[in-house]
There are 4 protein chains.
Amino acid sequence: MTKRTKRSPRSSSVTTTRAATARVPKVASAPLRPKPAANRAEKSAERRAAIVEAAMEEFIARGFAATRLDDVAKRAGVAKGTIYLHFTDKESMFEELIRTAIVPLIGNITMAPPGGSVRETIERFAATFIQEVVSTRRGDIIRLIVAEGPRFPAIADFYFREVVSRGLAGITALIQLGVASGEIRQKELARFPQLLVAPAIVAVIWQSLFARHAPLDAIEMFKVHLDLIFGERRTT
Amino acid sequence: MTKRTKRSPRSSSVTTTRAATARVPKVASAPLRPKPAANRAEKSAERRAAIVEAAMEEFIARGFAATRLDDVAKRAGVAKGTIYLHFTDKESMFEELIRTAIVPLIGNITMAPPGGSVRETIERFAATFIQEVVSTRRGDIIRLIVAEGPRFPAIADFYFREVVSRGLAGITALIQLGVASGEIRQKELARFPQLLVAPAIVAVIWQSLFARHAPLDAIEMFKVHLDLIFGERRTT
Amino acid sequence: MTKRTKRSPRSSSVTTTRAATARVPKVASAPLRPKPAANRAEKSAERRAAIVEAAMEEFIARGFAATRLDDVAKRAGVAKGTIYLHFTDKESMFEELIRTAIVPLIGNITMAPPGGSVRETIERFAATFIQEVVSTRRGDIIRLIVAEGPRFPAIADFYFREVVSRGLAGITALIQLGVASGEIRQKELARFPQLLVAPAIVAVIWQSLFARHAPLDAIEMFKVHLDLIFGERRTT
Amino acid sequence: MTKRTKRSPRSSSVTTTRAATARVPKVASAPLRPKPAANRAEKSAERRAAIVEAAMEEFIARGFAATRLDDVAKRAGVAKGTIYLHFTDKESMFEELIRTAIVPLIGNITMAPPGGSVRETIERFAATFIQEVVSTRRGDIIRLIVAEGPRFPAIADFYFREVVSRGLAGITALIQLGVASGEIRQKELARFPQLLVAPAIVAVIWQSLFARHAPLDAIEMFKVHLDLIFGERRTT
DNA sequence: TATGAATGAGTTTTCATTCAT
DNA sequence: AATGAATGAAAACTCATTCAT
C-alpha cells in the first residue's frame with residue numbers, strides 16, 4: 001500500500017462479504033462429510049480456509065512485507081496461483097485476514113453474559129479474553145495490528161470502528177454501572193476505559209516479546225489490577 | 001564489473017579552482033572557518049547522523065522489511081553506498097538504530113530526581129515519559145520494537161535486559177517505598193510493576209493507531225490511573 | 001516490496017483464446033502434438049539446456065567473476081529469474097556446469113576400444129581427444145578449469161578425483177602395457193603419465209591463446225610426440 | 001575490456017615506458033640509503049613497487065575481475081586513491097603488471113650460458129625454469145595469463161610476441177643444434193618446439209591445481225622427458 | 001602527493017504476479 | 001479451478017573511480 005502507485009479496484013466490500021460467507025469453521029466442518037466426498041464448493045472453501053490459516057501464521061511470524069506467498073502456499077498445501085483465485089493480491093489478502101480474524105473476538109466479547117456484580121462480569125470477561133487471546137495465537141494478531149497498523153490505515157480504521165470503539169463503549173457502560181452501584185469509587189475511570197484493558201494489552205505484548213525471559217501470569221496480574229479498581233478482593 | 005563506463009566528472013565544473021581553495025593544512029584549518037565548513041571527521045559524523053535520522057523515520061513509517069535503503073539514502077541526502085560506510089548491512093543498521101535510540105530514554109528514566117512523595121516522583125516521571133516519548137517520535141520506536149521484536153530476538157533481548165528489566169526493577173522499588181510509607185495500599189502491586197506503566201504503553205499504541213479517530217489525553221489518563229493506585233487526588 | 005506496480009499483461013494479446021486451447025489433460029496431451037509443441041516438463045528441460053549452453057559460452061568467454069547472469073539469461077532467451085529456478089546461485093551454477101561438462105569427456109575416454117598395439121590405442125585416443133576437445137568448445141572448459149580452479153577448490157578437487165586421477169591411471173596402465181610388450185623403451189615413463197598428455201594440454205592452451213598468431217597442428221604434434229616415446233614411425 | 005564502452009586513451013606505450021623506468025629492483029634499492037631519509041622520487045617508487053607487488057598477489061589469487069583495488073591498496077599499505085597516481089585504471093594496471101612481470105623471465109631465459117652439450121644446456125635451462133617459475137609465484141603468472149588471456153587479447157599478443165615466439169625460436173635453434181650434433185634423433189621435433197616445454201607448462205598447472213592432492217616432482221619428470229628426446233641418460 | 005570518504009552504476013538475488021497447461 | 005514455471009521489476013549490496021582536503 002505504502003508505495004503502490006496504481007491499485008486495481010479491490011472492492012473491499014465485496015471481498016469482505018466473500019470472506020464472511022466462505023469462512024468455514026475448520027475443525028467443525030470435517031465430520032459433516034466423509035473426507036473424500038467433498039464437492040467443488042466445499043473443496044474450494046477448504047482450500048480457502050487453509051490459505052487463510054497459513055497466511056495468518058506467516059503474517060504473524062514475519063509481518064506483512066517479509067511474508068512470502070510462496071511460503072503461504074506451501075504451508076497451505078496449495079499452488080501459488082491458487083491464492084490468486086481467492087484473493088486479489090497480497091495486500092488485500094492481508095487486510096481481509098485481519099478483518100476476518102477479529103470476527104470471533106467480537107463474538108466472544110459481546111456475548112459476555114450479564115449476570116452478577118460488575119466485578120464478576122469484568123473478571124469473567126477478562127478471564128475469557130486472557131485465555132482466548134493473550135495465551136493464544138490471536139494475541140499475535142493484536143500485535144500484528146499494532147505492527148502494521150500505521151502502514152495499513154484501512155485496517156486501523158476498521159479495527160477502531162468495529163472493535164475498539166465498540167469494546168470501549170461496552171466497558172464504559174460497565175464502569176458506569178459499577179460507579180452507580182458503588183462498586184467502583186473512581187468516577188473518572190469512565191473517562192478512560194482504556195485503563196481497564198491496559199493490562200490485557202500489556203500482557204499480549206509481553207507474551208510475544210518477553211515471555212521467554214520472564215513469564216507473566218496475566219490472570220493474576222489482571223486480578224491485582226481489578227483490586228486497584230474495586231478495592232481489595234476477598235477470595236482468589 | 002569489467003563493464004563500467006567512465007565516470008563523468010561530477011558537479012565541480014571548474015576543476016582548476018580546486019588548487020586555489022584547497023591545500024589548507026588539515027588540523028589548522030578548523031579555526032579558520034566558523035560553522036558551515038566542517039572538517040572531514042565532522043562531516044562524516046554529520047552524514048552518519050543524517051543516515052540515522054533518515055533511517056529512523058523510514059523504519060518507523062514502514063517497518064524493517066518494507067524500508068528501502070534507497071529511500072533512506074535519498075532522505076539523508078547521501079548516496080546509497082555511503083550507508084555501507086557506516087553500517088554493515090540493513091539488518092545490523094536496524095539493530096544498532098534501535099539500540100542507540102533508547103539510550104536517551106534510559107538517561108531520562110534514571111535521571112528521575114528523588115524528591116517528594118512516591119506519587120509525586122511517579123507523576124513527575126510519567127509526565128516526562130509522556131512528553132518525551134508518547135507525544136514524540138520516540139513512542140514510535142516502542143511500537144517498532146513491538147512490531148519487529150519477534151523477528152529480531154536480539155533486539156527483544158537487548159531491550160528486555162537494558163530497559164524493561166531495569167525499568168521494572170526501579171518501579172518495583174518505588175512501589176515498595178510507597179507501600180512502606182502507606183501511600184500505596186495494594187501490596188500486591190509490587191508483584192506486577194507492569195501495571196503501573198501499562199497506561200503509558202497503551203497511550204503509545206493509541207497515539208500511533210487511533211489518535212486521529214479519538215485523541216487521548218495521556219497525562220490525564222495517567223493521573224486517573226494513579227488515583228486508582230494512590231487513592232483520589234485532591235487537585236487537578 | 002510493497003511498491004510493485006501492477007504488471008502489465010504480457011505478450012499474449014488475446015487472453016480469451018486461452019480457454020479454447022487450454023484444458024488438455026496433462027498426460028494424454030503429449031501424443032497429440034508432434035515435436036514443436038513440447039509439454040511442460042520438456043519445455044523446462046529445454047530452457048534449462050539453453051541456460052546451461054548460454055552460461056557455458058559466457059563463462060568461457062569471460063570467466064566466472066566477469067560473467068553477468070543478465071547476459072546468460074539474455075543469451076538463453078529466458079528471464080533472469082528463470083535461472084534461479086534451475087540453480088541456487090551463480091556459484092553453484094558454475095560448479096555444476098563444470099561438473100556436467102566433463103561427463104561426455106569421461107565417456108569418450110573410458111570408451112577407448114582396446115584393439116591393436118599400445119601406440120595405436122593411444123593414437124586413437126589422442127585423435128579423439130584432439131578432435132573432440134582441443135578443436136572444440138570443450139577445450140575452453142579445460143582452460144576454464146585452469147583459470148578458475150584455484151578460486152573453486154571444489155572444482156579442482158572434483159576434477160582431480162573424477163578425471164585426472166582416473167585418466168592418469170588408465171594411461172599408466174597403457175604405458176606399462178607398452179613397456180611389457182617392448183613398444184616403449186623408457187620404463188620411467190610410467191612414473192609420469194602426465195608426460196604423455198602434456199602435448200594435448202599445451203595444444204588446448206595454445207588454441208585459445210595463440211592460434212590466431214600461429215596455428216598449431218595438434219594431431220601432427222602429437223604424432224611427433226609419440227615418435228619420441230615409441231620410436232620413429234614409418235608412415236605419415 | 002570486454003564490455004567497457006569508451007576507454008579513455010591509455011597510451012600503452014607510455015605506460016610501458018613508465019613501468020620500465022619506474023620499476024626499481026625491490027631488494028637492491030633498500031641499502032642505498034638509510035631507510036627514513038628517502039626522497040620524494042624514491043618514496044614514490046617504493047609505493048609503486050608495493051602496489052605492483054600487492055596487485056600481483058591479488059590478481060594471482062583471484063583473477064582480474066574478482067580482485068578489489070581496495071584489497072590491493074590495503075595489502076600495499078597505501079590509500080586507494082594512490083593507485084590512481086600510478087595507474088590509469090584497473091585494467092591498464094593489470095596489463096602493465098603482466099607485462100613487467102615477465103621481464104625478469106626473459107632475462108633468465110636469454111641469459112642461458114651456452115657451454116656443454118645440447119642436453120646439458122636444456123637441462124640447465126629447465127632446472128632454472130622449474131626452480132624460478134614452476135616452484136614460485138611466477139608460475140601463477142603463467143596460469144594467470146592462461147586464465148585471462150582470452151579477455152585481454154593485448155596481453156596474449158604481447159606475451160606471444162615477446163616471450164613465446166622468442167622462446168620457441170631459441171628452443172628450435174637448440175633442437176636443430178642437437179639434431180645436427182646427433183644428440184637428438186627425432187628431426188621432426190624442431191617443427192614442434194612446444195613439445196620440449198610442454199612438461200614445464202603441465203608442471204605449472206599441476207602445481208596450482210593438484211599439488212595438494214598429489215605432489216609432482218617437476219625436475220624428475222623433466223629428466224624423464226629429456227630421456228625420451230635424447231635417449232636414456234646414464235647418471236642422475 | 002597522498003588520502004580515504006563519497007559516489008552511483010552495475011550486479012546478484014528475490015518474489016508478487018501472470019498464464020499456458 | 002488448480003497448478004507452478006516463468007517473468008521482470010525492485011531491492012540489497014559492491015566496488016571502480018573521483019575529489020576535497
Side-chain angles (χ1 to χ4, degrees), chain A residues 3 40 43-44 47 67-71 73 78-86 88-91, chain B residues 1-12 15 18 21-26 29 39-41 43-44 47 65 67-71 73 78-86 88-91, chain C residues 1-12 15 17-18 21-26 29 39-41 43-44 47 65 67-70 73 78-86 88-91, chain D residues 3 40 43-44 47 67-71 73 78-85 89-91:
Chain A
K3 279 273 170 171
R40 269 298 174 87
K43 260 194 177 169
S44 177
R47 256 182 245 271
T67 289
R68 280 163 304 182
L69 293 195
D70 233 338
D71 290 344
V78 302
K80 225 186 324 175
T82 305
I83 293 175
Y84 286 86
L85 299 175
H86 294 274
T88 304
D89 59 12
K90 191 187 177 185
E91 206 167 305
Chain B
M1 205 159 269
T2 330
K3 192 185 179 183
R4 187 156 301 212
T5 50
K6 279 282 190 283
R7 187 82 56 82
S8 58
R10 216 113 24 96
S11 52
S12 74
T15 317
R18 198 198 342 156
T21 59
R23 283 298 200 156
V24 179
K26 257 183 202 165
S29 70
N39 63 32
R40 274 242 265 251
K43 261 196 181 165
S44 179
R47 256 179 242 269
T67 290
R68 275 160 295 142
L69 293 193
D70 234 342
D71 289 345
V78 302
K80 229 182 319 171
T82 305
I83 292 175
Y84 289 88
L85 297 175
H86 295 277
T88 305
D89 57 12
K90 192 185 175 186
E91 202 165 313
Chain C
M1 205 159 268
T2 329
K3 193 187 181 185
R4 187 154 302 214
T5 52
K6 278 284 189 280
R7 187 79 57 81
S8 58
R10 216 115 23 94
S11 52
S12 74
T15 316
T17 58
R18 193 194 350 155
T21 60
R23 281 299 199 159
V24 178
K26 256 185 204 163
S29 70
N39 65 32
R40 274 242 266 249
K43 262 197 181 163
S44 179
R47 256 178 242 269
T67 289
R68 275 159 293 141
L69 293 193
D70 233 343
V78 302
K80 232 180 316 172
T82 305
I83 293 175
Y84 288 87
L85 297 176
H86 295 277
T88 306
D89 58 10
K90 192 186 176 186
E91 201 164 315
Chain D
K3 280 272 171 174
R40 270 296 174 87
K43 259 193 178 170
S44 177
R47 258 182 244 269
T67 288
R68 280 163 305 182
L69 293 193
D70 234 338
D71 291 344
V78 303
K80 226 187 322 178
T82 305
I83 293 175
Y84 286 85
L85 299 175
D89 57 14
K90 191 188 177 185
E91 207 168 304

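Letters A, B, ... mirror the listed sequences (proteins, then strands); counts begin at 1.
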For atom [atom1] of [X] and atom [atom2] of [N], their distance in whole Å:
X        : N       : atom1 : atom2 : result
Ile83(D) : dT17(F) : CD1   : C1'   : 11 Å
Arg68(D) : dG4(E)  : CZ    : C1'   : 17 Å
Asp71(D) : dA16(F) : CG    : P     : 9 Å
Asp89(B) : dA11(F) : CG    : C1'   : 14 Å
Leu85(A) : dG4(F)  : CG    : P     : 13 Å
Asp70(A) : dT17(E) : CG    : P     : 13 Å

No-H, no-angle donor-acceptor pair, Lys80(C) side chain to dT7(F) base, under 3.5 Å
no
On DNA chain F, check which nucleotide each of Thr88(B) and Arg47(C) is closest to and give me the residue with the more 5' one.
Arg47(C)
If each of Gly81(B) and Val78(C) is mapped to the nucleotide of DNA chain F with the nearest heavy atom, which maps nearer the 5' terminus, i.e. the 5' end?
Val78(C)
If dA20(E) has a Watson-Crick or G-U wobble mate with both distances under 3.5 Å, name it; if not, just say none.
dT3(F)
Partner nucleotide, any strand, of dT14(F) [Watson-Crick/G-U, under 3.5 Å]
dA9(E)
At under 4.0 Å between heavy atoms, what does Leu69(C) touch on the DNA or RNA strands: base, sugar-phosphate, or nothing?
sugar-phosphate
Quick one: is [X] getting a side-chain N or O under 4.0 Å of the [N] phosphate, OP1 or OP2?
X        : N       : value
Lys43(B) : dT21(F) : yes
His86(C) : dA6(F)  : yes
Ser44(B) : dA5(E)  : no

Tell me which nucleotide among dA12(F), dT3(E), dA6(E) gets nearest to the side chain of Tyr84(B).
dA12(F)
